[in-house]
Protein chains: 2
Amino acid sequence: MTPRKPAGQELTREMIIDVARKQFLEKSFQEVSMRVIATELACSHGAIYYHFKNKASLFYAVVEEYFAELDTLLANTLKEEGEPDTKLIHIFLCLMRFGLNNQSQYEYMFVMRNEEVNSLSQEAASKSYAKFAQAVHPLCRESIMLSDIYSVFMALHGFIVHHLHHSKNFDEVKEIAFLHAQFLMKAIR
Amino acid sequence: MTPRKPAGQELTREMIIDVARKQFLEKSFQEVSMRVIATELACSHGAIYYHFKNKASLFYAVVEEYFAELDTLLANTLKEEGEPDTKLIHIFLCLMRFGLNNQSQYEYMFVMRNEEVNSLSQEAASKSYAKFAQAVHPLCRESIMLSDIYSVFMALHGFIVHHLHHSKNFDEVKEIAFLHAQFLMKAIR
DNA sequence: TATTTTAATTAACCACCGTTCAATTAAAAG
DNA sequence: CTTTTAATTGAACGGTGGTTAATTAAAATA
């Protein structure tokens with residue numbers, strides 16, 4: 001019995017999130033357990049509850065980061081120089097690349113539905129879409145309908161979801177990803 | 001102890017599937033349990049194992065029906081008279097209607113990934129896509145690329161997945177569904 | 001009617017889980 | 001050198017679950 005870890009070996013929020021992140025990458029929300037996370041942290045499962053209210057809030061701490069990551073990626077792509085058409089295709093590919101190189105993340109962000117967690121990540125997903133729309137809109141001609149941008153987003157979403165777990169990573173599908181992006185350009189040009 | 005039901009009250013495969021179907025409609029695969037199914041059937045949970053090898057095979061018996069249903073719907077839509085353009089839009093709407101009026105079904109058919117079950121339903125999903133492509137292809141101009149049909153399918157898929165659980169039924173989104181269909185027509189015409 | 005087959009029951013096995021909380025003790029504060 | 005406080009433990013609570021196997025009664029067959 002060692003009811004308190006020696007200085008410098010204390011459990012931190014970050015350590016827990018790190019292990020949880022790894023677990024959620026490999027397994028579904030239901031399959032990940034607080035007890036296994038604790039085992040990998042070499043601490044007791046009770047200790048986690050000192051840092052997180054419950055499993056859902058730990059989960060959300062992990063997913064929050066993913067939304068931030070995607071935001072950064074999209075922002076960087078936007079900063080690049082180039083023709084509007086090229087930039088649009090880059091944005092489309094950026095989203096598909098993120099989805100397929102971060103499959104579990106994408107699933108948690110945009111596919112998973114779970115009552116325990118959803119009010120939180122649902123909102124984050126909406127914001128993420130809004131940023132996508134704001135990025136895409138100025139690159140289209142004035143007359144474009146908002147619903148078209150919405151359609152583009154869903155078409156990209158569909159591409160990603162369809163290939164989830166079915167393909168290993170973006171590289172495996174980059175050719176069809178490019179074709180898909182061109183297909184979408186035909187619709188908005 | 002009544003180790004066997006009297007004649008005419010025996011448990012059948014169909015009775016089990018009926019209850020299981022209802023359960024899988026309301027809950028996820030993990031959340032549905034053989035024991036609860038048995039309770040609703042007023043039989044013991046052991047009895048189910050006389051008719052089904054395990055939970056996965058019972059689940060697949062349920063999902064199998066869904067693929068058949070979708071096949072029928074698409075086939076009927078194809079039979080209708082009309083211009084190719086109208087027919088195409090009808091097919092697109094048919095798929096979106098099916099997905100959003102049968103949300104859990106769609107999720108099990110095309111979204112869920114689960115090692116216990118997947119080799120089976122993965123194949124059924126591929127066949128389902130093949131039928132869609134065969135239906136769409138003759139309605140497009142000769143020069144259309146196969147990848148475009150693939151893109152259309154994924155775009156529809158994305159629309160459905162995006163609205164899963166988020167909308168109650170197809171009626172709630174039929175206007176945007178129609179816009180989405182028109183968006184896709186722009187890309188293939 | 002006697003026997004066999006079939007379909008059901010129940011207990012049991014084994015495994016898992018999230019969460020709470022009194023008890024404990026190391027580190028920090030005084 | 002005390003006291004306080006913060007972090008940690010592990011038992012306990014109250015469940016959940018899939019699957020197996022011995023057992024038995026009803027139905028089918030001979």
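Please read all numbers here as calculations on a predicted model, not as lab measurements. Throughout, a chain's letter reflects where its sequence line sits, starting with A, and its residues are numbered from 1.
- If you measure from atom CG of B/L11 to atom C1' of D/dA26, you get 15 Å, rounded to the nearest angstrom.
- Rounding to whole angstrom units, CZ of residue A/F52 and P of C/dG18 are separated by 15 Å.
- For A/K55 and C/dT20, the NZ to P distance is 14 Å, given to the nearest whole Å.
- Of all nucleotides listed (C/dT10, D/dT8, D/dG17), D/dG17 comes nearest to the side chain of B/R35.
- In this structure, the nucleotide among D/dG18, D/dT8, C/dA11 sitting nearest to the side chain of B/S33 is D/dG18.
- Using a 4.0 Å cut-off, no side-chain N or O of B/Y50 falls inside it from OP1 or OP2 of C/dA8.
- Ion pair B/R21/B/E65 flagged as a salt bridge, since at least one NZ, NE, NH1 or NH2 atom sits closer than 4.0 Å to an Asp/Glu carboxylate oxygen.
- Residue A/H45 places no side-chain atom within donor-acceptor reach of the base of D/dT9, judged by atom type and a 3.5 Å distance cut-off alone.
- Distance B/I48 CD1 to D/dT20 C1': 15 Å, rounded to the nearest Å.
- D/dA12 atom C1' lies 14 Å from atom OH of A/Y49, rounded to whole Å.
- Both B/V36 and B/K53 lie near DNA chain D, and the one whose nearest nucleotide falls closer to the 5' end is B/V36.
- The distance between atom CZ of B/R4 and atom C1' of C/dA7, rounded to the nearest whole Å, is 5 Å.
- Taking the centre of each ring, A/F110 and A/F67 come in below the 6.0 Å mark.
- Environment of CD in B/E123: sparse, with no more than 12 heavy atoms of neighbouring residues, nucleotides or ligands closer than 6.0 Å.
- In the set C/dT9, C/dG18, D/dT19, the nucleotide with an atom closest to the side chain of B/M34 is D/dT19.
- Between B/Y129 and B/F153, the gap from one ring centroid to the other is short of 6.0 Å.
- The interatomic distance linking B/M15 (CE) with C/dA8 (P) rounds to 8 Å, in whole Å.
- Within the structure, a side-chain polar atom (N or O) of A/H51 is placed less than 4.0 Å from OP1 or OP2 of D/dT8.
- Dense packing is recorded around NE2 of A/H51, with more than 12 heavy atoms of other residues, nucleotides or ligands lying under 6.0 Å away.
- Between A/K5 and D/dT8, a side-chain N or O to OP1/OP2 separation shorter than 4.0 Å is absent.
- Judged by closest nucleotide on DNA chain C, A/E31 is the one of A/E31 and A/A47 placed further toward the 5' end.
- Rounded to whole angstrom, the span from the CD atom of B/Q30 across to the C1' atom of C/dC16 amounts to 14 Å.
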